[in-house]
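Below is one structure; the comments refer to it alone.
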Amino acid sequence: MRKIILTAFFTLLFYLIQVCIMPLLPMFNITGNILLAFIAVVAITYSPFFAYIAGGIAGILLEIMLSPFDFLNLVIYPVLALLGAYAFADKTEHRLERDRSLGKKGENTSPYIRIPACAAMMALIKEIVSRMYVYLSGESIVFLHFTRALAAVFYTTLLALIIMLPVRFILGIRLRKTAHS
């Protein structure tokens with residue numbers, strides 16, 4: 001229950017940061033998506049269920065308050081949360097054992113690599129879908145659209161790198177000390 005409350009609270013907090021503070025912090029006239037960065041942190045830190053909760057709340061709030069396209073945010077945020085959670089989730093014990101038996105390194109990739117990668121993937125898919133929406137609405141797509149999309153993906157990934165340590169700490173994940181042999 002504590003995880004659900006924390007996830008819902010921080011989703012609301014990062015929604016407010018997204019709509020109130022992020023427009024004041026543009027990089028090359030592009031606003032980063034700190035909400036997607038937070039969803040990436042939740043997807044890797046907790047489980048797909050909590051990522052879906054965060055994505056669902058974010059999608060509903062964005063759809064109600066500031067949706068440039070009908071039903072896009074309502075659908076894309078939960079879908080991106082699930083895609084990110086499953087694509088970058090920890091390997092199961094069965095898969096780790098299979099990797100070890102094949103002579104591969106049977107370990108999970110560090111979450112500090114998976115979180116920015118998850119945020120980049122989710123931001124890239126969101127930008128592609130947004131550009132498709134723009135194109136299907138009758139606007140012509142020019143090279144500037146693609147450079148702005150890539151800059152938005154970079155900015156969102158950078159935000160994920162900035163927020164992942166404090167958010168993981170607040171959500172209850174502590175840094176582990178490794179034993180030196």
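The basis for the numbers below is simple: all heavy atoms, side chains too, and nothing from hydrogens, waters or symmetry mates.
- With contacts defined as side-chain heavy-atom distances shorter than 4.5 Å, the pair R168/Y112 qualifies.
- Interatomic distance, CD1 of I170 versus CG of L6, reported as 9.0 Å (0.5 Å rounding).
- Hydrophobic clustering places L36 together with I53 (ILVMFWY residues linked when any side-chain heavy atoms are closer than 4.5 Å, directly or through intermediates).
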What verdict does the side-chain contact (heavy atoms from CB on, under 4.5 Å) test give for T147 and L144, after you've listed the backbone C-alpha separation in whole Å, the side-chain angles of each residue and the deciding distance to 0.1 Å? CA-CA 5 Å; T147 57; L144 182 64; 3.7 Å; yes

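- The cluster map of Ile, Leu, Val, Met, Phe, Trp and Tyr, joined by side-chain heavy atoms under 4.5 Å apart, puts I5 and I57 in different clusters.
- Contact between Y77 and G55 at its shortest, heavy atoms only, is CB-O, 3.3 Å.
- Considering CG of L35 and CG of L13, their distance stands at 10.0 Å, rounded to 0.5 Å.
- Put simply, OG1 on T156 and CG on L124 are 10.5 Å apart, with the number rounded to the nearest 0.5 Å.
- Each ring pair (Phe, Tyr, Trp, His ring centres under 6.0 Å) pair with one or both residues in residues 6-35, not counting sequence neighbours, appears once here: F14-F38.
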Can you list the steps and then say if N33 with L159 is a side-chain contact (heavy atoms from CB on, under 4.5 Å)? CA-CA 8 Å; N33 196 334; L159 289 170; 5.9 Å; no

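- When every heavy atom of Y46 is checked against every heavy atom of L171, the shortest pair comes out as OH-O, 2.8 Å.
- For A81 against I39, the heavy-atom pair with the smallest separation is CB-CG2, 3.6 Å.
- Note: the hydrophobic cluster containing F71 also contains I125 (ILVMFWY, side chain heavy atoms under 4.5 Å, direct or indirect links).
- Note: F49 CZ to T7 OG1 = 9.0 Å, rounded to the nearest 0.5 Å.
- No hydrogens or angles considered: nothing links the side chains of R114 and T109 as a donor-acceptor pair under 3.5 Å.
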Before you tell me yes or no, could you show the steps for E97 and S101 under side-chain contact (heavy atoms from CB on, under 4.5 Å), namely the whole-Å CA-CA distance, both residues' side-chain angles and the distance that decides it to 0.1 Å? CA-CA 6 Å; E97 194 61 37; S101 68; 5.6 Å; no

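- Closest of all the heavy-atom pairs between R131 and I141 is O-CD1, 3.7 Å.
- A continuous path of Ile, Leu, Val, Met, Phe, Trp and Tyr side chains, each step under 4.5 Å between heavy atoms, connects I64 with V75, placing both in one hydrophobic cluster.
- T31 has its side chain within reach of Q18: a pair of non-hydrogen atoms, C-beta onward, lies under 4.5 Å apart.
- Two residues are said to be in side-chain contact when any heavy atoms from C-beta on lie closer than 4.5 Å; V153 and K126 fail this criterion.
- To the nearest 0.5 Å, atom OG of residue S130 and atom CG of residue N73 are 8.0 Å apart.
- Within 6.0 Å of CZ in F154 there are 12 or fewer heavy atoms belonging to other residues, nucleotides or ligands.
- Listed here is the closest heavy atom pair of I44 and P111: CG2-CB, 3.8 Å.
- Within the model, atoms CD1 of I76 and CG of L74 stand 11.5 Å from one another, a figure rounded to the nearest 0.5 Å.
- Using a 4.5 Å cut-off on side-chain heavy atoms (C-beta onward), F88 and M121 make contact.
- For the pair Y52/V79, no side-chain contact is recorded, criterion being any heavy-atom separation below 4.5 Å from C-beta on.
- No path of Ile, Leu, Val, Met, Phe, Trp and Tyr side chains, each step under 4.5 Å between heavy atoms, connects L150 with L158, placing them in separate hydrophobic clusters.
- Counting heavy atoms from C-beta outward, L61 and V19 have side chains that stay 4.5 Å or more apart.
- The nearest pair of heavy atoms linking P78 to G56 is CG-CA, 3.8 Å.
- Side-chain contact between M122 and L83 is absent, with no heavy atoms from C-beta onward closer than 4.5 Å.
- Between the E139 side chain and the V134 main chain, no donor and acceptor come within less than 3.5 Å of each other.
- Counting heavy atoms from C-beta on, the side chains of Y155 and M22 come closer than 4.5 Å.
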